[in-house]
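What follows is a set of notes on a single structure, which appears directly below.
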Amino acid sequence: MKKSIILVGAGLANVLLGYRLKQRQPEATLLFLEKEAEPRLDRTWSFYESDVTPNIWQWLSPLASKVWDGYEVRFPTYERRLASSRYASLRGADLLKKANLEGSVRFNAHVQIIKNKEVVLSSGERLCADAVVVGRGFHQPLGEVGFQKFYGLQILLKTAHGLTVPTVMDTTVSQSDGFRFIYLLPWDERRLLVEDTYYSDHSALEKASAREKVLEYIKSRGWEIEAIEGEECSALPIPLFEGKQEPLSSEIGVGGNLFHPVTGYSVPWAAQVAENWDPFSSDAGVKLAEIRKECNSSHAFYRGLNRMLFMASHPSKRRKIFEKFYLLPEPLVQRFYAGSSTRMDKIRILSGKPPVPVVSALRALFRRSEFV
Ligand SMILES: Cc1cc2nc3c(=O)[nH]c(=O)nc-3n(C[C@H](O)[C@H](O)[C@H](O)COP(=O)(O)OP(=O)(O)OC[C@H]3O[C@@H](n4cnc5c(N)ncnc54)[C@H](O)[C@@H]3O)c2cc1C
């Protein structure tokens with residue numbers, strides 16, 4: 001029998017789930033209900049090949065706008081190229097099209113009430129389906145948080161920039177408002193995303209001065225701008241403690257707590273759900289809870305690191321934590337980003353002379369006995 005599904009939100013997690021559903025159950029009818037008037041063009045979602053299984057990489061990487069052979073980081077004391085895993089970026093500007101789901105989205109459809117197999121729009125219209133999945137982004141209160149905030153420009157340069165792989169962190173810039181670094185994605189020889197990023201105590205970002213700083217950085221690299229083609233600006237919450245609110249049983253994406261607590265990234269978890277979860281199965285809620293539990297197994301440790309970052313270290317010293325981290329072996333770095341750090345990894349991350357005062361570090365780590 002032909003099955004129908006309503007997906008609340010046409011963001012990252014739902015689009016990946018819809019894409020995989022269409023491949024596996026082509027007869028299913030998909031309806032995305034999206035409150036915005038059009039797809040978010042100002043979104044770039046990146047991930048490492050090592051974040052996902054080879055099977056997931058096979059279907060996910062063709063959706064990427066660009067795949068690179070590795071990436072690099074820059075600190076005042078060293079530069080490092082990490083090349084054993086590819087790096088890929090999906091773009092809001094073309095994800096729906098690449099996933100061939102454009103025709104399944106109804107825009108300007110704000111869902112107000114969500115039930116098991118029914119939703120009600122703000123217009124009062126009721127819609128039913130065999131399954132309802134919710135992927136509405138960050139909306140839940142996460143308690144005490146820090147922020148990863150950024151302002152980026154999509155730039156076309158007059159001449160080639162010379163970069164062959166992304167710079168995930170260029171931390172050689174002046175430090176302010178917490179830990180600051182520049183993120184660079186070279187789309188082609190002359191096109192770049194240049195994003196100024198802060199691990200900050202506050203979500204506020206003054207756009208005009210953030211833009212000035214990005215332009216200053218571009219100039220400092222000797223690059224001349226031909227055109228500015230786009231802008232990205234946002235603040236992701238970085239949780240310091242476990243959230244108190246349980247997500248809905250059909251909630252995926254960051255609203256379903258399926259994201260990395262330190263980076264705020266969610267592609268690997270969205271892809272895992274798309275790969276391993278059948279929203280039509282009779283025990284879909286139970287299965288999703290199991291996936292969530294598995295994905296979140298190291299989260300208490302990562303939230304402990306967040307507390308070290310935000311509560312134990314003076315904002316001006318936060319860079320030191322990352323400077324120490326990126327000297328660790330590449331497989332450990334990969335497992336960290338994939339959210340699958342082993343017990344040994346955790347010991348290695350914490351061992352050696354801590355870059356923040358020992359007593360504050362321990363106090364932050366063990367607060368409210370969250371550490372496991
Ligand atoms: C600028 C930015 C850059 C990021 N970069 C990365 C990255 O490089 N890698 C990574 O892994 N993560 C990244 N993240 C973090 C995270 O992966 C994203 O926030 C991701 O978009 C979360 O996916 P999602 O599907 O949960 O929510 P979203 O992609 O935010 O999708 C939710 C959708 O639901 C819609 N919606 C909400 N409420 C309703 C409603 N009531 N009715 C109808 N529609 C509704 C929203 O309009 C939105 O379109 C980034 C986040 C931001 C903000």
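Residues take their numbers from the sequence shown, with the count starting at 1. Numbering of ligands and ligand atoms starts at 1, following listing order.
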* Stepwise side chain to side chain contact (heavy atoms under 4.5 Å, CB included) test for L350 and L305 -> CA-CA 9 Å; L350 295 173; L305 294 184; 3.9 Å; yes
Is there a polar contact, in the sense of an N or O pair closer than 3.5 Å, between [X] and ligand 1?
| X | value |
| --- | --- |
| G264 | no |
| E34 | yes |
| N14 | no |
| V267 | yes |
| E232 | no |
| T44 | yes |
| A10 | no |
| G253 | no |
| K35 | yes |
| R43 | no |

To check your reading of the model: name the closest protein heavy atom to [atom], its residue, and the distance in Å.
| atom | answer |
| --- | --- |
| atom 31 (O) of ligand 1 | G11 CA, 3.1 Å |
| atom 38 (N) of ligand 1 | R136 CB, 3.4 Å |
| atom 51 (C) of ligand 1 | L236 CD2, 3.4 Å |
| atom 8 (O) of ligand 1 | S46 N, 2.7 Å |
| atom 42 (N) of ligand 1 | V111 N, 3.0 Å |
| atom 26 (O) of ligand 1 | V254 N, 2.8 Å |
| atom 18 (C) of ligand 1 | W45 NE1, 3.7 Å |
| atom 23 (O) of ligand 1 | L12 CB, 3.5 Å |

Closest to [atom] among [options] (heavy-atom distance):
| atom | options | result |
| --- | --- | --- |
| atom 16 (C) of ligand 1 | S266, G255, G9 | S266 |
| atom 30 (O) of ligand 1 | S122, G137, P39, A13 | G137 |
| atom 13 (C) of ligand 1 | Y48, Y265, F259 | Y265 |

* Can you name the nearest heavy-atom pair linking S89 to S46, along with the distance? -> OG-OG, 2.8 Å
* To do: Give me the one residue out of V168, V165, V73 that meets side chain to side chain contact (heavy atoms under 4.5 Å, CB included) with L82.
  => V73
* Asked: Would V134 and V111 satisfy side chain to side chain contact (heavy atoms under 4.5 Å, CB included), going step by step from the backbone distance to the final call?
  -> CA-CA 10 Å; V134 184; V111 174; over 6 Å; no
Test item: side-chain donor near acceptor, [X] and [Y], under 3.5 Å:
| X | Y | value |
| --- | --- | --- |
| E323 | T77 | yes |
| S122 | K35 | no |
| S104 | K22 | no |
| Q334 | S84 | yes |

* Say you draw a straight line from CG of D130 to CG of N116; how long is it, rounded to the nearest 0.5 Å? -> 11.0 Å
* Relative to the ring of H299, is the ring of F259 parallel (under 30°), tilted (30 to 60°) or perpendicular (over 60°)? -> tilted
* To do: Anything under 30° is parallel, anything over 60° is perpendicular, the rest tilted; go ahead and classify Y183 against Y87.
  => perpendicular
* Report the part of F47 in contact with ligand 1, treating N, CA, C, O as backbone and CB onward as side chain, heavy atoms under 4.0 Å; options are side chain, backbone, both, neither. => neither
* L33, portion touching ligand 1 at heavy-atom distance under 4.0 Å -> backbone
Can you sort out which atoms of ligand 1 are near [X], meaning under 4.0 Å from one of its heavy atoms?
| X | value |
| --- | --- |
| S234 | 1 (C), 53 (C) |
| F150 | 1 (C), 2 (C), 3 (C), 52 (C) |
| E36 | 47 (O) |
| G135 | 31 (O), 32 (C), 33 (C), 34 (O) |
| H110 | 40 (C), 41 (N), 42 (N) |
| A109 | 42 (N), 43 (C) |

* **Co-membership, hydrophobic cluster, residues F107 and L7, 4.5 Å side-chain** => yes
* Asked: Does the side chain of E275 reach to within under 4.5 Å of the side chain of R20, using non-hydrogen atoms?
  -> yes
Is the distance between the ring centroids of [X] and [Y] under 6.0 Å?
| X | Y | answer |
| --- | --- | --- |
| F336 | Y302 | yes |
| F322 | F179 | yes |
| Y48 | Y71 | yes |

* Asked: How far apart are the C-alpha atoms of Y265 and D51, what are their side-chain angles, what is the distance that settles it, and do they pass the side chain to side chain donor-acceptor pair (under 3.5 Å) test?
  -> CA-CA 11 Å; Y265 280 18; D51 287 346; over 6 Å; no
